[in-house]
Amino acid sequence: MRSKRWKKIFTFAPVYVFLLGLVFFSVFPSLWMFLTSIKPPNEVFTTPPRYWAENPTLDNYNRVLFESRIPRAFLNSTLVSAATGLITLLLALPAGYGFARYRFTGAGLLSTSLLFGQMLPAVVLVIPLYIVLNKLDLIDTHAGLIIANLSVTIPVAVMMMRSYIESVPRELEEAAKIDGVGNIGVLVRIVMPVSIPGIVAVSIFTVIHAWEEFLYALNFANSAAVKTLPITLAEFSGQFKIDWGGMMSAAVVISLPVLLLFLICNKYFVKGLSDGAVKG
């Protein structure tokens with residue numbers, strides 16, 4: 001019995017070592033970011049680099065939270081991300097349900113159009129979006145950033161919701177219709193409760209995308225009243241000097257909400273992605 005146990009340990013030992021290596025490789029950048037954020041300037045630039053902070057300090061966080069534009073940018077990113085996630089979900093859920101349950105003329109063309117929009121690099125869409133937003137007088141506004149993000153999140157969210165709803169048994173909807181529930185009632189009372197994992201997955205995807213989006217925010221936001229966190233974070237890097245302590249502290253502050261969101265909704269997020277990929 002003991003020999004079998006040791007044989008099993010030696011058999012799986014390389015797998016465990018490999019997995020531990022992957023975990024370390026994934027976690028090390030975040031750990032280095034945090035350690036840099038609590039180092040004084042004289043320790044940041046030491047050669048060879050010191051992996052631990054010998055004299056940890058919170059001065060960098062004090063500057064980021066009370067002497068920089070990060071708090072205002074945090075509010076801007078929260079507004080843009082929340083609005084993008086909410087609007088995307090309100091549009092993607094009924095659209096995904098329509099694609100999944102109804103056959104109508106042009107359905108294939110519309111599905112292809114959604115995929116085609118995702119094949120184009122974001123930089124290709126910057127000029128057309130700028131022209132449209134400029135015509136609507138939405139440059140340097142929160143609404144302009146939200147619309148720009150929606151152009152990316154809605155197609156992906158619709159495809160995700162369609163794939164997830166296709167995995168929901170039709171018998172549930174048919175039973176509700178026999179009881180006299182209409183199409184909208186079926187969507188709200190039957191499909192939505194069953195599709196919670198898919199809805200959570202779509203919500204997390206859209207919120208994280210809007211939270212970390214850089215290209216559109218760089219081109220469509222000019223003032224501090226509208227700039228989001230990625231743009232404000234980049235301002236810690238000057239032409240001749242980079243404030244590494246401040247930048248890493250700001251990066252920690254930016255990362256925490258996303259990390260907490262993912263940890264809280266991790267179970268639903270993984271289930272939504274796996275179930276939604278069955279027929280995607």
Side-chain angles (χ1 to χ4, degrees), residues 19-20 22-39 53 56-90 92-93 142 145-146 149-150 152-153 156-157 160-161 164 192-193 195-214 216-217 221 226-236 244-277:
L19 292 177
L20 287 174
L22 287 180
V23 170
F24 178 78
F25 183 78
S26 302
V27 173
F28 181 76
S30 300
L31 179 61
W32 184 257
M33 175 180 69
F34 172 73
L35 291 175
T36 304
S37 71
I38 60 175
K39 289 181 179 180
T57 177
L58 296 178
D59 289 344
N60 295 321
Y61 287 95
N62 182 68
R63 285 191 295 111
V64 166
L65 295 176
F66 301 106
E67 301 176 12
S68 71
R69 298 176 179 177
I70 289 293
R72 176 63 190 185
F74 191 94
L75 294 176
N76 293 335
S77 288
T78 301
L79 174 61
V80 172
S81 300
T84 301
L86 180 61
I87 296 173
T88 298
L89 192 60
L90 291 176
L93 182 58
H142 294 108
L145 293 180
I146 294 170
N149 286 321
L150 290 175
V152 177
T153 58
V156 177
M160 290 176 63
M161 289 308 309
Y164 189 88
M192 284 182 60
S195 304
I196 290 298
I199 293 174
V200 171
V202 169
S203 301
I204 293 178
F205 162 75
T206 54
V207 168
I208 290 179
H209 168 82
W211 187 266
E212 64 184 16
E213 201 284 319
F214 181 84
Y216 294 155
V226 181
K227 287 183 178 179
T228 55
L229 285 169
I231 306 304
T232 307
L233 179 63
E235 293 178 351
F236 283 90
W244 287 108
M247 181 180 291
M248 294 299 103
S249 301
V252 172
V253 172
I254 294 172
S255 302
L256 282 178
V258 176
L259 178 62
L260 292 176
L261 177 65
F262 186 80
L263 291 177
I264 293 172
C265 305
N266 179 51
K267 179 177 68 174
Y268 294 106
F269 181 68
V270 174
K271 180 175 175 56
L273 286 182
S274 59
D275 292 350

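Bear in mind that the values here come from a model prediction, so they are computed numbers and not experimental data.
Taking each heavy atom of M161 and G198 in turn, the nearest pair found is SD-O, 3.8 Å. When all heavy atoms of S26 and P29 are compared, the closest pair comes out as O-CD, 3.5 Å. Minimum interatomic distance between G246 and V64 (heavy atoms only, all atoms of both residues): O-CG2, 3.4 Å.
Taken from CZ in F236 to CD1 in I70, the straight-line distance is 4.5 Å, to the nearest 0.5 Å. The OH atom of Y216 lies 13.0 Å from the CD1 atom of I231; values are rounded to the nearest 0.5 Å. A distance of 8.0 Å separates CG in L58 from CD1 in I38, rounded to the nearest 0.5 Å. Atom CG of L145 sits about 10.0 Å away from atom OG of S81, to the nearest 0.5 Å. If you take CD1 on I254 and CE on M247, they are separated by 10.0 Å, rounding to the nearest 0.5 Å. Atom OG1 of T228 is separated from atom CG of L79 by 11.0 Å, given to the nearest 0.5 angstrom.
Legend: residues meeting side chain to side chain contact (heavy atoms under 4.5 Å, CB included) with I208, ordered by chain and number and at least two apart, are I204, E212, V258. Residues meeting the side chain to side chain donor-acceptor pair (under 3.5 Å) test with S249, sequence neighbours left out: none.
Remark: R69 CZ is loosely packed, at most 12 non-hydrogen atoms of other residues, nucleotides or ligands lying under 6.0 Å away. More than 12 heavy-atom neighbours from other residues, nucleotides or ligands sit within 6.0 angstrom of OH on Y61.
A side-chain hydrogen bond (donor to acceptor under 3.5 Å, both in side chains) with T153 is found for one member of T88, T84, T206 and no other, namely T88.
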task = Quick one: do N149 and H209 satisfy side-chain contact (heavy atoms from CB on, under 4.5 Å)? Show the steps, please.
result = CA-CA 8 Å; N149 286 321; H209 168 82; 3.8 Å; yes

task = Might you work through the side-chain contact (heavy atoms from CB on, under 4.5 Å) test for N60 and M248, ending with a clear yes or no?
result = CA-CA 9 Å; N60 295 321; M248 294 299 103; over 6 Å; no

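F24 is not listed as a side-chain neighbour of L20, based on a closest heavy-atom distance of 4.5 Å or more. F214 places none of its side-chain heavy atoms less than 4.5 Å from the side chain of L233.
Under the 3.5 Å distance criterion, the side-chain polar atoms of S195 are left unmatched by any main-chain donor or acceptor of M192. With W211 contributing its side chain and L229 its backbone, the two residues share no donor-acceptor pair below 3.5 Å.
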